[in-house]
Amino acid sequence: MAKQLGFDLPSRTALGRDAFFVAPTNAMALAMIENWATWAGGKLVLTGPEGSGKTHLTHVWADMTGAKIIAATDLNNADIPALATGAVAVEDVPRIANDPASQTALFHLHNLVLAERHPLLLTGALPVPRWGLSLPDLTSRVAAATAVALDPPDDALLSALLVKLLADRQLTPKPELIPYLLSRMDRSFAAAIELIDQLDTASIAQKRPITRHLAAQVLDNDTQ
């Protein structure tokens with residue numbers, strides 16, 4: 001039987017609705033995204049830790065609404081009136097906590113988008129009270145938005161994420177690999193992403209398939 005070897009192939013991250021794995025930890029967030037037309041005030045805040053699926057859900061929503069997606073850190077140099085002509089998603093809003101100019105730009109974008117009756121999606125890793133925004137008018141408007149959180153993953157969701165991350169790299173794991181990784185890895189989305197990156201790098205460097213033996217080596221090195 002031919003072995004699955006590691007090749008330096010481009011990673012293709014699947015961000016469509018069909019590639020989003022539904023679990024109790026993310027079902028409410030998905031339902032809110034899919035029912036965007038019912039958002040109170042036309043806006044929603046989506047929160048969750050790194051790798052929890054915020055970007056994936058943002059792209060799902062953009063596909064549904066034709067929304068433009070912009071990083072909060074790019075707002076200060078953006079054409080705000082042009083952005084406000086349709087639905088908009090602003091990612092990683094807490095990153096502008098120390099940037100008054102970008103917060104002012106987001107304040108104007110918020111007002112223009114909603115005045116034109118377009119929906120607005122804002123994302124961040126932490127709950128809104130911990131975003132650290134300093135512009136009072138913006139803070140009050142963000143606080144007034146409905147917020148939904150992506151919770152830490154359960155085993156089913158972590159397993160699906162590991163399989164997806166491997167599939168994005170055009171790799172198909174043997175059945176025993178995923179339970180082995182789950183039993184030994186840190187229980188977080190970020191840890192899953194980092195672990196698959198390490199396995200892929202080791203597989204390419206050593207020209208070996210991603211097996212339990214290689215996983216043991218990577219995990220052992222990670223704990224040293």
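All values below were derived from every heavy atom in this structure, side-chain atoms included, with hydrogens, water molecules and symmetry-related copies excluded. On a predicted model such as this, the values are computed, not experimentally measured, just so you know.
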Does a side-chain heavy-atom distance below 4.5 Å link [X] with [Y]?
X    : Y    : answer
L150 : L57  : yes
T172 : L166 : no
H110 : V90  : no
V142 : F107 : no

Review point. Side chain to side chain contact (heavy atoms under 4.5 Å, CB included) between L122 and K43: does it pass, once the steps are laid out?
Key: CA-CA 8 Å; L122 306 175; K43 56 188 174 181; over 6 Å; no
So, taking the atom named [atom1] in [X] and the one named [atom2] in [Y], what distance separates them when rounded to the nearest 0.5 Å?
X    : Y    : atom1 : atom2 : answer
L199 : I204 : CG    : CD1   : 11.0 Å
H108 : D137 : NE2   : CG    : 9.5 Å
I70  : D79  : CD1   : CG    : 9.5 Å
K174 : T211 : NZ    : OG1   : 7.5 Å
K164 : L157 : NZ    : CG    : 11.5 Å
M28  : I33  : CE    : CD1   : 12.5 Å

Would you say [Y] ends up clustered with [X] if hydrophobic residues are merged whenever their side chains have heavy atoms under 4.5 Å apart, either directly or through other cluster members?
X    : Y    : value
V113 : L44  : no
L46  : W131 : no
I96  : L112 : yes
L171 : L219 : yes
L106 : L121 : no

Check your understanding: In terms of side-chain geometry, is the basic nitrogen of D220 or R184 positioned less than 4.0 Å from the acidic oxygen of its partner?
Key -> no
With distance as the sole test, does [X] use its side chain to make a donor-acceptor pair with the main-chain N or O of [Y] at under 3.5 Å?
X    : Y    : answer
Q103 : A97  : yes
W39  : L120 : no
T123 : T47  : no
T58  : K54  : yes

Where is the tightest heavy-atom contact between [X] and [Y], given as atom of each residue plus distance?
X    : Y    : result
L75  : A105 : O-CB, 3.8 Å
P94  : G124 : CD-CA, 3.6 Å
L133 : T139 : O-OG1, 3.4 Å
A72  : V93  : CB-CA, 3.8 Å
R212 : L177 : N-CD1, 4.1 Å
A29  : A149 : CB-O, 4.3 Å

Exercise for review: Look at the rings of W36 and W61 and say which category their plane angle falls in: under 30° parallel, 30 to 60° tilted, over 60° perpendicular.
Suggested key: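 Plane angle over 60°, so perpendicular.
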Exercise for review: Show your working on side chain to side chain contact (heavy atoms under 4.5 Å, CB included) between E194 and D186 and close with a plain yes or no.
Suggested key: CA-CA 10 Å; E194 182 179 2; D186 290 338; over 6 Å; no
Point to revise | Residue of the set L162, L158, L161 for which side chain to side chain contact (heavy atoms under 4.5 Å, CB included) holds with I178 | key: L162
**Study point:** Intermediate values then yes/no, side chain to side chain contact (heavy atoms under 4.5 Å, CB included), T85 and K68
**Key:** CA-CA 10 Å; T85 58; K68 303 181 183 82; 3.3 Å; yes
Exercise for review: Decide if atom CG of D154 counts as having more than 12 heavy atoms of other residues, nucleotides or ligands within a radius under 6.0 Å.
Suggested key: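 It does: D154 CG has more than 12 such atoms within range.
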Point to revise | Residues, nucleotides or ligands: over 12 heavy atoms within 6.0 Å of Q206 CD | key: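 Buried by this count: over 12 neighbours within 6.0 Å.
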Point to revise | side chain to side chain contact (heavy atoms under 4.5 Å, CB included) assessment of T73 paired with D92 | key: CA-CA 8 Å; T73 51; D92 299 318; over 6 Å; no
Exercise for review: Would you check, one step at a time, whether the test salt bridge (Lys or Arg N to Asp or Glu O under 4.0 Å) holds for D197 with R169?
Suggested key: CA-CA 10 Å; D197 282 343; R169 292 160 174 78; 2.3 Å; yes
